[in-house]
Each structure stands twice: as C-alpha cells, then as structure tokens.
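What follows is a short report on a single structure.
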Amino acid sequence: MNAALAAGCAYVDGQYVPIAEARIPLLDMGFSRSDCTYDVVAVWQGGFFRLDAHLDRFDRSCACLQLAPPVGRDEVARILHECVGRSGLRDAYVEMIATRGVPNAGERDPRRITNRFYAYAIPYVWIANLDQQAKGLHLAIARNVERISPRAVDPTVKNFHWGDLVRGLFEAYDRAADNAVLVDANGFITEGPGFNVFACYRGQLVTPAEGVLHGITRQTVLELAAAEGITVRVGRVEPEMLREASEIFLTSTAGGLMPVTLLDGQAVGTGEPGAMTLRLRERYWDAHRGGQWVTPVHYPGG
Ligand SMILES: Cc1ncc(COP(=O)(O)O)c(C=O)c1O
C-alpha cells in the first residue's frame, strides 16, 4: 500500500495521486462558474453503500446540466474502486465530479468546452461528531437566508451552489446552534448543508417532497420505514410541524441518520434522541453490513 495515498486518493487527468497533491485547473468552469455536478457515495467496512443509486443520480444530474463526462458509468465505477482500493480506506467518503471543463481562450459557449471528470476517496466524513450523534444536534431554522429558488438551481441535481447553505451555517453558529435548515420562499422547510430533514409529527414521519435533493439516505429511510411499518408522509413541511415534532433527524451519506434534540434552543420531544430515530438508525447501519445494497470494494490483492 502506498502510504502517501492513505489520507486519500484522487483521480485527475487520468492519474491517481495523493489527495494532498490533487489539483484542478484554475480555469475549469466547474470552479469559476460552479458549472458542474457531483455525487458522494460512502464506503463502509470495505463496501460501497448503494453504489448503483449514486451512479444513477450522477448520470441524471449530468444529463440535466448537459454535461457529458469523458467516462461512462462502468468506467466511473472502476475509477471509484481504484481510488478506494489504492487508498486502502475501509470507511471512505467517495466523490465523483463532472465539470464543464477548461475553455479555449475567450470561449464562452458552454457547448464548445470539453467536459472533465474527477474523483477522490478520503476518510469517511461525519456531519455530526460522536458527541453530537450521541446527544443529538442543535438545529436552527435559518431566518436571515432562504433556500435558493428551485427555479434558479434545481435542487434535485446535486450542485455546488452552497452560498445559501453556508450563510445558514454561519447564522446557526451565531445563534449557538450546530447546523441550520433553510426554508423556501413560501416558508416551507427544505434542507440543510448536506442533509435532508425528517420529523415525527403527530405519530407520522414527514419529510419535504419538493425543493430538496432526493437524498439516497432519505430514500433508504423511506424504504426502511416502510419495512418497519412506519407511515411516512412526503409533502410540505412547515416550521410549526418541526416545533411540535416529537423527534427530528437529519439524513446524509456523510453520517447516516443524525438525531436533532434542540430546535432553535427548545427541546425536541423529551430532549433525547427519539425511539423511532434510533430504530431507523440501527436498521440503516445494519444494512451496511451486507446484503443487496453493498458492493465490496476491489482492493489490490484482495
Ligand atoms: C443539499 C443536500 N441535501 C441532501 C443531501 C443528502 O443526500 P444523500 O443522502 O444522498 O447524501 C446532500 C448530500 O450532500 C446535500 O448536499
């Protein structure tokens, strides 16, 4: 194993390099115009979790943005295996990125630029640290910033337009919270920086239908809840519903299900992670230990 790759391995310009040495060209429109899409899949205990679902979403995101990366789906999968395999990481955060690319001098027509593909694997990333996972997070409903309109940036296409989400985070910190969820122009709950939101409201699980990324973790929770006989309503979620909720949790590839026990400084339910949250979180991690959703990583010599 190459020790320089243990902190992460990137794929740039057809080469595998240590993450600390990975560079993208300054003139890539992915950087200068946010003209790109990406996806993140987790590797847990040596297996990709729901790799096909992530590759499907990535394909769809590329098509929506009229991006045609130079590598097809099978090649993307092979590169992701290589990045993880070469790093030797057993638990990893694995990102694939398609960018518009580097224009020829003076070129401003996005149709005339050759698109690029990058990927990397780094150690698994947690949105909530261990203490926060045990005690639950303090979530703020952002007041000073709203989620960018879905008519401007389609939230179902995974994107780097994080200006609103980052402003939300700073607002949360100013209010002594750990993280923020944003509302849309009509005041309905959407999502936060890197996660979807669920609440247990009047005995039913609810999560926003629109104005959000269709998170793979969100989808997994919907499927696990159905298997557990838990009713989920996917629809409009008002801030009041969160305030009255007995449980709230966040979902993301970067951390799974994360309980929220304080909302705008007020206890959620009993102020402890809720029973439904804990049950679904357990099912979620159980599903990582093997079964239909797990694809073993091809490690060198393994
Ligand atoms: C804005 C946003 N919403 C939701 C999610 C959660 O999606 P997933 O469960 O596929 O990681 C993410 C993940 O990065 C995100 O960026």
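Just so you know, these numbers use all the heavy atoms, side chains as well, and skip hydrogens, waters and symmetry mates. Indexing begins at 1, ligand by ligand and atom by atom, following the structure's order.
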Q) Side chain or backbone of L213 under 4.0 Å from ligand 1, or both, or neither, by non-hydrogen atoms? A) side chain
(Q) With respect to G192, determine whether any N or O atom, backbone or side chain, lies less than 3.5 Å from an N or O atom of ligand 1. (A) no
Q. Is it true that R279 and E282 have a side-chain N and a carboxylate O under 4.0 angstrom from each other?
A. no
Q) Starting from atom 15 (C) of ligand 1, which protein heavy atom do you reach first, and at what distance in Å? A) G194 CA, 3.4 Å
Q: Looking only at protein heavy atoms, identify the closest one to atom 13 (C) of ligand 1 and say how far it is in Å.
A: K158 NZ, 2.9 Å
Q. What are the atoms of ligand 1, with element, lying closer than 4.0 Å to any heavy atom of R57?
A. 10 (O)
Q. So is V40 close enough to ligand 1, meaning a heavy atom under 4.0 angstrom away?
A. no
Q. Heavy atom of F160 under 4.0 Å from ligand 1?
A. no
Q: Answer side chain, backbone, both or neither: which part of W162 comes under 4.0 Å from ligand 1, heavy atoms only.
A: side chain
(Q) Any salt bridge linking R73 with D52? Criterion: basic side-chain nitrogen under 4.0 Å from a carboxylate oxygen. (A) yes
Q: Could you check atom 1 (C) of ligand 1 against the protein and tell me its nearest heavy-atom contact, residue, atom and distance included?
A: E191 OE1, 3.5 Å
(Q) If the cut-off is 4.0 Å to any non-hydrogen atom of G215, which atoms of ligand 1 fall inside it? (A) 7 (O), 8 (P), 9 (O), 10 (O)
Q: Would you mind checking if E223 and R50 are paired as a salt bridge, meaning a charged N to carboxylate O distance below 4.0 Å?
A: yes
(Q) Check R143 with E171, please: is the shortest side-chain N to carboxylate O separation under 4.0 Å? (A) no
Q: Just need the protein heavy atom nearest to atom 9 (O) of ligand 1, so name the residue and atom and give the distance.
A: T217 OG1, 2.6 Å
Q. For ligand 1, is Q219 a contact, meaning one of its heavy atoms is under 4.0 Å away?
A. no
Q | Check: H214 N/O within less than 3.5 Å of ligand 1 N/O | A | no
**Q.** R57 side chain to H214 backbone, donor-acceptor under 3.5 Å
**A.** yes
Q) N/O of T251 under 3.5 Å from N/O of ligand 1, yes or no? A) no
Q) According to the interplanar angle, ranging from 0 to 90°, do the rings of Y11 and Y16 count as parallel (below 30°), tilted (30 to 60°) or perpendicular (above 60°)? A) tilted
Q) Do the ring planes of W285 and H288 sit parallel (below 30°), tilted (30 to 60°) or perpendicular (above 60°)? A) tilted
Q.
I'd like to know if R289 pairs up with D286 as an ion pair, taking the criterion as any Lys NZ or Arg NE/NH1/NH2 lying under 4.0 Å from an Asp or Glu carboxylate oxygen.
A. yes
(Q) Check this for me: does any side-chain nitrogen of one of E238 and R243 sit under 4.0 Å from a carboxylate oxygen of the other? (A) no
Q: Within a distance under 4.0 Å of any heavy atom of T253, pick out the atoms of ligand 1 and give their elements.
A: 8 (P), 9 (O), 10 (O), 11 (O)
Q. Is the distance between the ring centroids of H54 and F49 less than 6.0 Å?
A. no
